[in-house]
Protein chains: 4
Amino acid sequence: MPPTESAPRPLRSDAQRNRARILAAAEEIFAARGPSASTEDIARRADVAIGTVFRHFPTKAALVEAVFAGRLRAITEQAAALAGAPDPGEAFFAFFAEAVRQSTVKHTFVDAIDDADPAMVAVWAVVATAGADLRDAMDTLLVRAQRSGAVRPDITVGDVVALMIGTARALEQAGPDPATQDRLRSVVADGLRRH
Amino acid sequence: MPPTESAPRPLRSDAQRNRARILAAAEEIFAARGPSASTEDIARRADVAIGTVFRHFPTKAALVEAVFAGRLRAITEQAAALAGAPDPGEAFFAFFAEAVRQSTVKHTFVDAIDDADPAMVAVWAVVATAGADLRDAMDTLLVRAQRSGAVRPDITVGDVVALMIGTARALEQAGPDPATQDRLRSVVADGLRRH
Amino acid sequence: MPPTESAPRPLRSDAQRNRARILAAAEEIFAARGPSASTEDIARRADVAIGTVFRHFPTKAALVEAVFAGRLRAITEQAAALAGAPDPGEAFFAFFAEAVRQSTVKHTFVDAIDDADPAMVAVWAVVATAGADLRDAMDTLLVRAQRSGAVRPDITVGDVVALMIGTARALEQAGPDPATQDRLRSVVADGLRRH
Amino acid sequence: MPPTESAPRPLRSDAQRNRARILAAAEEIFAARGPSASTEDIARRADVAIGTVFRHFPTKAALVEAVFAGRLRAITEQAAALAGAPDPGEAFFAFFAEAVRQSTVKHTFVDAIDDADPAMVAVWAVVATAGADLRDAMDTLLVRAQRSGAVRPDITVGDVVALMIGTARALEQAGPDPATQDRLRSVVADGLRRH
DNA sequence: TATGAATGAGCCTTCATTCAT
DNA sequence: TATGAATGAAGGCTCATTCAT
């Protein structure tokens, strides 16, 4: 047992499994009912006692943050994977479509984070870090696409983020019909192109 | 001596005033802090007792719905006002911009309404009515704009509603800078145009 | 309803009764089991719902503080009542005996206040105010008694407070036998006299 | 091959070491933060796992008791060491001062022990034994001091115990200033002398 | 009708205790 | 024996809703 806890030892296998189950349960339940869903419900879905949830995530905010950051990281990886694609425009729009698809849940997490709640301030810190990585990856994609003439030159990364979230919201509103979802996505994508 | 027993008798004038104050307070507070703001806070802002709020709106959900329906009616009126404008395309896009502007609140109301709650059935009825009126008014605007060639012909009213909500969400995400808001709105509007 | 809540209107009679019942219940239960007793138990003893306790005392600390401050005020009144007594020494020792008697409960409140708990910081503020009044009243008593030669001149008010609390603790420890309690009290009183 | 099955077999040396570490940690932490400090914290300070604490002390109360009994034993030894001192009065007051000094901790342990809890019956047995030894040792000191005329003849051992605890409480209340602590101790000591 | 005190289910969190590893 | 993850009963507090005044 080292004097300082600097390197938290790897979790025991059963603990790892529980941690994963809790994250999965939280992802599902937050997606379905928003992050105001109760921790108790998440514990029930993960089939663990409430204390176990709090052992892994000392705070409800920490749990929300973990789920949210996980999602950001996944999207970031996809942006990175497309960074070297041959056609910059195609890469950008492929990323946009995929990111929107993955954000389409009943409640986007951003909605969930109530700035008024001081407990959520810490959440934003972590999210900001993960978000910065994502922004960097997106910036690469965006700049290349703009240089190639595929995207309006006045658009910023912040614009793209906002439009991704907004488009996800629109799809959520419109319902699951694939044709409709394609149509809506194409509207925003067209708007982003140089005209 | 009420005029007829069948219809809900008109409220006494002070009751009417209270109802209006409560709605106004709810609008402000829901817009600022989302629909999870407490009913107490709304009562306080309206300067009435909590019991009065529940006398006018038997349920918190009913209050949320009333605010939402009110907003729908306001937007409907604007659509109606633009129905006879000389330039159909201009009318449509003016409506779109205005509607988005008015929907830009921190938390959209739709998020607040829990479909699973049986107490919300009656609520949805009212909203549905208001929503149908809005759809009709929007349909007029949309069809004229499409006939004039200003808007993509494959777009439906549902698409426009979804995009309005999504765009409002994007603006909320992007923050208050007017130039940014214009840029984002123009992206979606451009995407809606025939290209 | 005044715009500013500066003067909280007098409570409705039933609310007053409940407030008094809660305070009485808290006094009993804190005295018997210490201030770590649960708010729920106090509510039960007062025969009100838990929410009612929190309506009257927004925090558990506020409840502890109210009980504690009430006790301080009672003792302060007694000190004030004895301030003009003809024999200063007699007055001082009568006060000391009475104050000790009233503090003899299984758990003194001071024990209760956990400095480590940040929620208790506010408690100390109020207590300090009530305590300052008490100190003033005690100071009068003490100085007169010292001038009359009845009490050791090097004793301070702080000493008297500490000895009161300590003596109460000793009596609590010794049990309820009156002769024993008198003996213990007389030991400390004798020690305070000029010898 | 244990010596006899009837007596609890001696602990393995590492277990002995752990037991001692836990007791030391508990002593420190209970002294600093009172007996409501969490068992986890004690385990952490002792650098053992929580399960180890519960293997050695089946209950938190048992741990509190062990610390308490240890303290009683330490004080008993001091009383015994002074039993044959040449000046009986000096010996008694030296013991009193030292015992008070050692009891000056933020929370007295007696407070922590809940008499109502049936799990505490066994605990009290041990404490009672240690307490009886202490009383015997103190009795020797006290009777000698009374015979020599240094202490009031009506005082009992129970009185002395109560006053020790009460004085410790007074010192705790008064704060750490040495002059103040001396003054308070001298007040009680003077009160105990024959006058 | 309006008032606002009372109710109590539910939420997040802590911690003594148990038990699989 | 030691470990530390899991358990689950409380505890403090909030807030939608009810009801006596």
Exercise. Please, what dot-bracket string fits DNA chain F when only Watson-Crick and G-U pairs with both distances under 3.5 Å count, crossing ones use [ ] and pairs to another strand use |?
Worked result: .||||||||||||||||||||
Rounded distance [0.5 Å steps], [atom1] in [X] versus [atom2] in [Y]:
{"X": "B:Asn18", "Y": "B:Asp47", "atom1": "CG", "atom2": "CG", "result": "9.5 Å"}
{"X": "B:His56", "Y": "B:Arg21", "atom1": "NE2", "atom2": "CZ", "result": "11.0 Å"}
{"X": "D:Arg71", "Y": "D:Glu27", "atom1": "CZ", "atom2": "CD", "result": "4.5 Å"}

Take atom [atom1] of [X] and atom [atom2] of [N], then tell me their distance rounded to the nearest Å.
{"X": "D:Asp47", "N": "F:dA2", "atom1": "CG", "atom2": "P", "value": "14 Å"}
{"X": "C:Arg33", "N": "F:dA10", "atom1": "CZ", "atom2": "P", "value": "13 Å"}
{"X": "C:Ile29", "N": "F:dG12", "atom1": "CD1", "atom2": "P", "value": "12 Å"}
{"X": "C:Ile42", "N": "F:dG11", "atom1": "CD1", "atom2": "P", "value": "11 Å"}
{"X": "A:Asp41", "N": "E:dA9", "atom1": "CG", "atom2": "P", "value": "17 Å"}
{"X": "C:Arg19", "N": "E:dA6", "atom1": "CZ", "atom2": "C1'", "value": "16 Å"}
{"X": "C:Arg21", "N": "E:dA5", "atom1": "CZ", "atom2": "C1'", "value": "14 Å"}
{"X": "C:Phe57", "N": "E:dA5", "atom1": "CZ", "atom2": "P", "value": "13 Å"}

For [X] and [N], is the shortest distance between a side-chain N/O and OP1 or OP2 below 4.0 Å?
{"X": "B:Asn18", "N": "E:dA2", "value": "yes"}
{"X": "A:Thr52", "N": "F:dT7", "value": "yes"}
{"X": "B:His56", "N": "E:dT1", "value": "no"}

For this session: Could you tell me which non-hydrogen atom of A:Arg45 sits nearest to which non-hydrogen atom of A:Ala25, and how far apart they are?
Result: CG-CB, 3.4 Å
For this session: Go through the structure and list residues passing side chain to side chain contact (heavy atoms under 4.5 Å, CB included) with A:Phe57, not counting sequence neighbours.
Result: A:Arg19, A:Ile22, A:Leu23, A:Ala62, A:Leu63, A:Ala66
Problem set entry | Contacts of type side chain to side chain contact (heavy atoms under 4.5 Å, CB included), residue D:Asp41, not counting sequence neighbours | D:Ile29, D:Arg33, D:Ser38, D:Arg44
For this session: Check side-chain hydrogen bond (donor to acceptor under 3.5 Å, both in side chains) between C:Glu40 and all other residues, then give those that pass, not counting sequence neighbours.
Result: none
Problem set entry | Residues which pass side-chain hydrogen bond (donor to acceptor under 3.5 Å, both in side chains) with B:Arg55, listed by chain and number, not counting sequence neighbours | none
For this session: Show your working on side-chain contact (heavy atoms from CB on, under 4.5 Å) between A:Thr59 and A:Phe54 and close with a plain yes or no.
Result: CA-CA 6 Å; A:Thr59 265; A:Phe54 279 89; 5.7 Å; no
For this session: With the side chain of A:Arg55 defined as its heavy atoms from C-beta on, choose the nearest nucleotide among F:dA2, E:dA5, F:dA5.
Result: F:dA5
Seminar exercise, completed: In B/S/- notation (B base, S sugar-phosphate only, - none; protein heavy atoms under 4.0 Å), nucleotides 16-21 of chain F written 5' to 3' is SBB---
